[in-house]
Amino acid sequence: MQNSTYFSPSVMTLGFGELTSMRYMYLTLVVWGYLSTVLSNVSVIVLIILHKELQEPMYIFICALCFNGLYGSLAFYPSLFINLLQKVQTISYSSCILQVFAIHTYGGCEMTLLAVMALDRYVCICNPLRYNSIMSSAMVYKLILAAWSYSFIHMTISIMLTVRLPLCDSAILKIYCDNWSVVRLSCIDTTLNNIFGMVGIITLMGVMPSLVFISYIAILRACVKSSKDFRAKALKTCAPHLITITNFIIDVLFELFLYRFTPTAIPYALRVFMSVHFLVAPPLLNPLIYGLKLTEIRIKIIQQVKGHFR
């Protein structure tokens, strides 16, 4: 956006639009969604921490994924709840930038953790005899640290590029702040931001999914050559991961391209739904998917529930 008036807004206006007409219904959904997300993720985390037999690489990665879901939910739900209570939906510029950082690091960590989990499944199924030596506890925590570090370092640089921009407007199209929503308000050329952002998108949505795809091709080849029982067990442990990563990639692709190509041409309700889905669905569904699909976690949950009713 080009304009001769440069200013640094202290307050950003959020695009709540029609949501305020049914604020109490949405407030109820927000409270339900946040509490359900926290309860389900914390339950899986506590189960894995308390039971030593679950402290294996696959479950430690699931635990990290649940932690990330809690982090992403904290970046989104409280702000949404507060704004629904207000007559005018605004957010301070500093809080907007903080939310940008938190939401993008959540998304980056989710994708890198899912890629690391695909590597774990590849080593487990294709190199079972070397699995314990390769996926040692030290290696597991190094991979988790690397997944988080990449996202935090990349987003720190991106934020530094964003805050240098003078803005010509303060209207955010979405009901939360993301980097593109702020950058598009700039009065000056944003080529550097666009190039750096594109590198990040290619890495997260091109390189990472490709590594996952390659890992699963190798896993399928190994399954074809193996016994029927081994094949069934391998597919059972891989199914939750495939469901999770497919859901997340589709959500993020919608989010990435929705507001870059005529967003106002899409009905408002659909636009809001598509923009928040990657923040709402993965943190809520991941613990349910892994809790229901993986036998060990499901058994522990049933045992805990039975123990409380005795």
Side-chain angles (χ1 to χ4, degrees), residues 12-41 65-66 68-91 95-96 99-111 114 171-185 197 201 204-205 209 242-289:
M12 313 293 284
T13 304
L14 297 169
F16 273 70
E18 301 166 15
L19 290 181
T20 55
S21 62
M22 302 178 68
R23 71 174 72 232
Y24 295 109
M25 183 190 78
Y26 289 119
L27 277 169
T28 303
L29 291 174
V30 167
V31 172
W32 175 84
Y34 188 50
L35 292 178
S36 299
T37 299
V38 170
L39 179 62
S40 57
N41 281 282
L65 200 65
C66 290
N68 192 55
L70 290 173
Y71 170 62
S73 298
L74 183 62
F76 173 66
Y77 280 107
S79 173
L80 177 60
F81 181 81
I82 291 170
N83 272 293
L84 283 171
L85 290 174
Q86 296 176 341
K87 289 185 178 180
V88 179
Q89 287 68 45
T90 59
I91 185 172
S95 295
C96 182
Q99 188 175 49
V100 169
F101 180 82
I103 285 176
H104 281 270
T105 48
Y106 150 74
C109 289
E110 189 86 358
M111 191 68 247
L114 289 170
I172 302 292
L173 288 176
K174 300 181 182 180
I175 62 174
Y176 61 89
C177 293
D178 73 332
N179 198 46
W180 175 249
S181 295
V182 178
V183 171
R184 64 180 290 277
L185 302 176
I201 291 172
L204 286 177
M205 302 310 298
L242 281 172
I243 294 170
T244 301
I245 196 165
T246 301
N247 175 64
F248 187 73
I249 288 174
I250 292 172
D251 287 347
V252 173
L253 287 176
F254 272 127
E255 167 63 12
L256 285 174
F257 294 110
L258 175 63
Y259 283 84
R260 283 168 171 77
F261 303 102
T262 59
T264 53
I266 300 172
Y268 177 77
L270 178 61
R271 199 163 76 233
V272 171
F273 174 80
M274 291 168 67
S275 69
V276 304
H277 198 259
F278 91 105
L279 289 165
V280 173
L284 181 60
L285 295 180
N286 287 352
L288 299 178
I289 291 170

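- At most 12 non-hydrogen atoms from other residues, nucleotides or ligands lie less than 6.0 angstrom from CE of Met22.
- Remark: Phe248 engages no residue in a ring-ring contact (aromatic ring centres under 6.0 Å, His included) (not counting sequence neighbours).
- Across Thr37 and Gly33, no two heavy atoms sit closer than the pair OG1-O, 2.7 Å.
- At least one donor-acceptor pair under 3.5 Å links the side chain of Gln99 to the backbone N or O of Cys177.
- Under the 4.5 Å side-chain criterion, counting only non-hydrogen atoms from C-beta, Leu173 is in contact with Arg184.
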Check: When you look at Lys174 and Val276, which way does the side-chain contact (heavy atoms from CB on, under 4.5 Å) test go after all the steps?
Finding: CA-CA 9 Å; Lys174 300 181 182 180; Val276 304; over 6 Å; no

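- Contacts classified as side-chain hydrogen bond (donor to acceptor under 3.5 Å, both in side chains) and involving residues 277-286 (residues at least two apart or in different chains) are given here: Glu110-Asn286, Asp251-His277.
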Note to self: Run Leu74 and Tyr34 through side-chain contact (heavy atoms from CB on, under 4.5 Å) and show every step you take.
What the structure shows: CA-CA 8 Å; Leu74 183 62; Tyr34 188 50; 3.5 Å; yes

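- Residue Leu279 holds its CG atom at 12.5 Å from CG of Leu284, rounded to the nearest 0.5 Å.
- The shortest side-chain heavy-atom distance between Asn247 and Pro282 falls under the 4.5 Å cut-off.
- Under the 4.5 Å side-chain criterion, counting only non-hydrogen atoms from C-beta, Val38 is not in contact with Ser73.
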Check: Would Phe278 and Ile250 count as a side-chain contact (heavy atoms from CB on, under 4.5 Å) if you check the C-alpha gap in whole Å, the side-chain angles of each, and the deciding distance to 0.1 Å?
Finding: CA-CA 9 Å; Phe278 91 105; Ile250 292 172; over 6 Å; no

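- Although no hydrogens or angles enter the test, the distance criterion places no donor-acceptor pair under 3.5 Å between the side chain of Thr246 and the main chain of Ile243.
- Across all non-hydrogen atoms, the minimal contact from Ser40 to Leu288 is CB-CD2, 4.4 Å.
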Note to self: Show, in sequence, the C-alpha distance, side-chain angles and deciding distance for Arg23 and Leu85, and conclude whether the side-chain contact (heavy atoms from CB on, under 4.5 Å) test is met.
What the structure shows: CA-CA 8 Å; Arg23 71 174 72 232; Leu85 290 174; 5.9 Å; no

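- The minimum heavy-atom distance linking Asn41 with Pro283 is given by the pair ND2-O, 2.7 Å.
- Contact detail for Tyr106 and Asn68: the closest heavy-atom pair is O-ND2, 3.0 Å.
- Here the CG atom belonging to Leu80 is positioned 5.0 Å from the CD1 atom belonging to Ile175, to the nearest 0.5 angstrom.
- We find the OG-CG distance between Ser181 and Leu185 to be 7.5 Å, quoted to the nearest 0.5 Å.
- Considering only residues two or more places apart in sequence or on other chains, Phe76 meets the ring-ring contact (aromatic ring centres under 6.0 Å, His included) condition with Tyr176.
- Asn83 places a side-chain N or O within 3.5 Å of a backbone atom of Thr90 that can act as its donor or acceptor partner.
- Panel note: side chain Thr28, backbone Tyr24; a donor-acceptor pair is recorded below 3.5 Å.
- Checked by atom type and distance alone, the side chain of Asp178 never pairs as donor or acceptor with a backbone atom of Ile103 at under 3.5 Å.
- Between the CG atom of Asn179 and the NE2 atom of His104 there is a distance of 5.0 Å, given to the nearest 0.5 Å.
- Ser95 is not listed as a side-chain neighbour of Met12, based on a closest heavy-atom distance of 4.5 Å or more.
- A distance of 14.0 Å separates CD in Gln89 from CD1 in Ile172, rounded to the nearest 0.5 Å.
- Taking the side chain as every heavy atom from C-beta outward, Phe16 and Val272 never approach each other to under 4.5 Å.
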